[in-house]
Amino acid sequence: MERVTRFRAGILLFLFVFVLGFYSFRLYYMQVIATGGDTNNITTFETRTRVKAARGNILDRNGNVLVTNRASYDLTINHFVLTSSKTPNETLLELVKLCREKGIEYTDHLPLSKSAPFTYTLSQFNTTWQSHFQTFLAYRDQLDSDISAALLMEKLRESYQIPDHWSSADARAVLGLRYELSLRNCVGSLSNYVFLSDVSNDVLAAVLELNVPGMNVESATVREYSTKYAAHILGYVGAMSPKQWDHYKEVDGYSMDALVGQTGLEEAFEEYLHGTDGTRVDVVTKDGTLVESYYEVEPQAGQNVQVSIDLNLQAAAEDAMAITIAQLHDPEFNHEEDGRDADGAAVVAMDVKTGQILVCGSYPTYDLSTLFENYNELLEADLQPMFNRALQATYPPGSTYKMSMTLAAIEDDQISRWTKIADKGVFTKYAGFRANCLKYTNNGTTHGSIDCTDALKYSCNYFYYVLGDEMDIEDIDAMAKALGLGEKSGCELYEAQGQRANPETKEKEHDGDDSRWYKGDQILAAIGQSENKFTPIQLCNYVTTIVNSGDRFQATFMNRVVSSDYSKVITVGQPKIANSIKISEEAIDAVFEGMIKCANESGGTAYKTFGNYPVKVAAKTGTAQTGRTDCSDNGAFVCFAPADDPQIVVVVYGEKAGHGSSLGNVAKSVLDAYFGVEDSENLTTGENQIG
């Protein structure tokens, strides 16, 4: 047995020595024998190829991958090898014709129109490419910087020996490639010419079949989405605009053709996700034979960003929104006319203790993986599916504003926690101004004499009409501002400002007599109407601030950043207080009690959603007029849980949803996922839809 083992080992050793000897002889033959023993006669070229670094992954807070990379291939052309071949122009024309046949778009920075009459197209390129063009002209002594486009074409055809019988279109196409290759001679900072990026297998096979001298296949990566959810916040990467390059050219590690985050989290966390490209030096002979290859600079992959989003909650929220809108459209489910024209919606959930955003969804949504294929269709689609309603749409908050009014009234000593106001059904204090309580409108009855907790429970408009009439707008506005309404949440993504109802806003929004501030404006502002318009994320931040007794966190999508190999934590997001307002315990307790009653006592506008829920929830519904008579009202639903030890705030808003209570099941689906509640009763709404 020992002899057999030694025999096998001997064979393996022989094979190793044979292979090593073969390649050593081959190298010796190339460098010595083939050159007559004079290695100085070998014509070799050093070319530098930029090796693209992989972009970092985006993960949710639990480590689920949201965005990653897939392997791809780029086709590069070694300019020394191609231009040293016998028929470079004819070879490139074959390449051009293949691309035309298969509809392939390739890289061409020559700033001339693609067909006669030729004109300059410099404005289509950033300042650096424009500068490269001027360098190219200066490098070729016979070309003046003010040469006309037509004369430039003539001179280039002559210089590159383009046959006279070629069409102007063919000549222009080949000159575009010759220009790219020539730039590598006169602009030292440019690496090998990337002819095609992310090449499919079919295209790769077809191009390689042409045997283009100097054509190489380089490994690369492209972005891949691992989830169909969170399209509005993940964002995408793309080539830099001229304006972006003006910025990134001053930042280490960026080349002109680098892909950068254009929207969403890709843009917000670009500094972490972007890797640093490496440089590989290839030493090649005139015929393209590779003699030596080594890294001058090793590529460094980008860091991985773990965001605050919880994919399970996000999925539950987006699925529930789609189902809820479909149910509102269905007469068999929705027995009322209100809400049957519902369209857009948004949902946001926030961690009470940190301000981290757990959910940020917008409806309708779209598929990020096919965004560019369907881009024009999406732009023209109904309901603007690419519009992020959670961060960018501003809506009247309706009765969800009443918590702010309650806090302002108690803090201003306008009322106490126990003060009762008699609901008269219709507010008619001022001639020509009439405002109804919704219960009176629905059935001609009132809520009777109630305090602020029951006013929140039943969403009694009349109670707040009185407060709006008796309080100063400055006090109303100051509380709303401190709670974050009409103020940006501070998150890393683009968001709308929103606006609060006050004399300054009305003057800015309207002209002439319409810009004057009336008492009626203030009364309507007290129930979340008038000029009040806030984003869903502001509403979520607002409720979170109330839960935190006046401490308003800066909303954030940041959880932590880890190294490319996940071995090291780079940074961890820290909660940041944007501002604080001192609110009395009496005022906070009153709002808490009112919201708890709303969700847990019969007659509360959120009772049908959470009355029998296994986790105690505090909630408030809102119904907001759109200012139109040809559509349903908007709806808002806000809640937090557990009511006695808040951990999560959820806000849902529905355009033309009819009532805030219609959206309760979306919030419940999020809480089901958060608390692990299974098979909770799918409670419908429809009876008590006031608020």
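What you are looking at is a predicted structure, and each value in this text was computed from that prediction instead of being measured.
A distance-only check finds a donor-acceptor pair linking the side chain of Ser308 to the backbone of Ile357 [under 3.5 Å]. Judged by distance alone, the side chain of Asp310 and the main-chain N or O of Arg61 form no donor-acceptor pair under 3.5 Å. A donor-acceptor contact shorter than 3.5 Å is absent between the side chain of Asn62 and the backbone of Asn64. With hydrogens and angles ignored, the 3.5 Å screen pairs no side-chain donor or acceptor of Tyr272 with any backbone N or O of Val562. Between the side chain of Asn334 and the backbone N or O of Leu328, at least one donor-acceptor pair lies under 3.5 Å. The main-chain N or O of Thr221 is never found under 3.5 Å from a side-chain atom of Asn69 such that the two would form a donor-acceptor pair. Side-chain N or O atoms of Asp338 include none that pairs as donor or acceptor with a backbone N or O of Asp633 at under 3.5 Å. Between the side chain of Asn665 and the backbone N or O of Thr324 there is no donor-acceptor pair closer than 3.5 Å. Under the 3.5 Å distance criterion, the side-chain polar atoms of Gln384 are left unmatched by any main-chain donor or acceptor of Leu379.
Salt-bridge annotation for Arg500 and Glu531: absent, with no side-chain N of the basic residue lying under 4.0 Å from a carboxylate O of the acidic one. Between Glu266 and Arg223 there is a salt bridge, with a side-chain nitrogen of the basic residue lying less than 4.0 Å from a carboxylate oxygen of the acidic one. Between Asp589 and Arg417 no salt bridge is recorded (no basic side-chain N to carboxylate O distance below 4.0 Å). Between Asp343 and Lys656 there is a salt bridge, since at least one side-chain N of the basic residue sits less than 4.0 Å from a carboxylate O of the acidic one. For the pair Arg552 and Glu487, the salt-bridge criterion is not met [side-chain N within less than 4.0 Å of a carboxylate O].
Note that NZ of Lys488 is 6.0 Å distant from CD of Gln497, once rounded to the nearest 0.5 Å. For the atom pair OH of Tyr464 and SG of Cys452, the computed distance is 6.0 Å after rounding to the nearest 0.5 Å. To the nearest 0.5 Å, atom NZ of residue Lys439 and atom SG of residue Cys460 are 9.0 Å apart. The OG atom of Ser661 lies 8.0 Å from the CZ atom of Phe637; values are rounded to the nearest 0.5 Å. We find the CG-CD1 distance between Asn548 and Ile581 to be 13.5 Å, quoted to the nearest 0.5 Å. Here the CG-CD distance, from Leu311 to Gln314, works out to 7.5 Å after rounding to the nearest 0.5 Å.
In the displayed structure, Phe372 atom CZ is contacted under 6.0 Å by more than 12 heavy atoms of other residues, nucleotides or ligands. Within a 6.0 Å radius of CD in Glu377, other residues, nucleotides and ligands contribute 12 heavy atoms or fewer. Residue Asp565 places its CG atom among more than 12 non-hydrogen atoms of other residues, nucleotides or ligands, all under 6.0 Å distant. The neighbour count for Glu585 CD, taken as heavy atoms of other residues, nucleotides or ligands under 6.0 Å away, does not exceed 12.
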Practice task
Step by step, work out the side chain to side chain contact (heavy atoms under 4.5 Å, CB included) result for Leu358 and Ile309.
Solution key: CA-CA 4 Å; Leu358 304 175; Ile309 292 295; 5.9 Å; no
Handout entry: Pair Tyr653-Tyr363, ring pair (Phe, Tyr, Trp, His ring centres under 6.0 Å): steps then yes or no
Key = CA-CA 10 Å; Tyr653 203 99; Tyr363 176 88; over 10 Å; no
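Smallest separation of non-hydrogen atoms from Cys598 and Ala619: CB-O, 3.3 Å.
For the pair Leu234 and Thr227, the minimum side-chain heavy-atom distance is below 4.5 Å.
Taking the ring centroids of Phe640 and Phe592, they lie under the 6.0 Å cut-off. The distance between the ring centers of His447 and Tyr440 does not fall below 6.0 angstrom.
Of the residues listed (Lys608, Lys616, Lys457), the one engaging Glu601 in a salt bridge (Lys or Arg N to Asp or Glu O under 4.0 Å) is Lys457, and it is the only one. Checked against Ser399 for a side-chain contact (heavy atoms from CB on, under 4.5 Å), the options Thr621, Leu456, Asn461 give a single hit: Asn461.
Pairs passing the ring-ring contact (aromatic ring centres under 6.0 Å, His included) check and including a residue from residues 557-583, sequence neighbours excluded, do not occur.
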Mind listing the side-chain donor-acceptor pairs of residues 345-354 below 3.5 Å, one per line with the distance, residues two or more places apart or on another chain?
from   : atom 1 : to     : atom 2 : distance (Å)
Asp351 : OD1    : Lys353 : N      : 2.8
Thr354 : OG1    : Gln356 : N      : 3.1

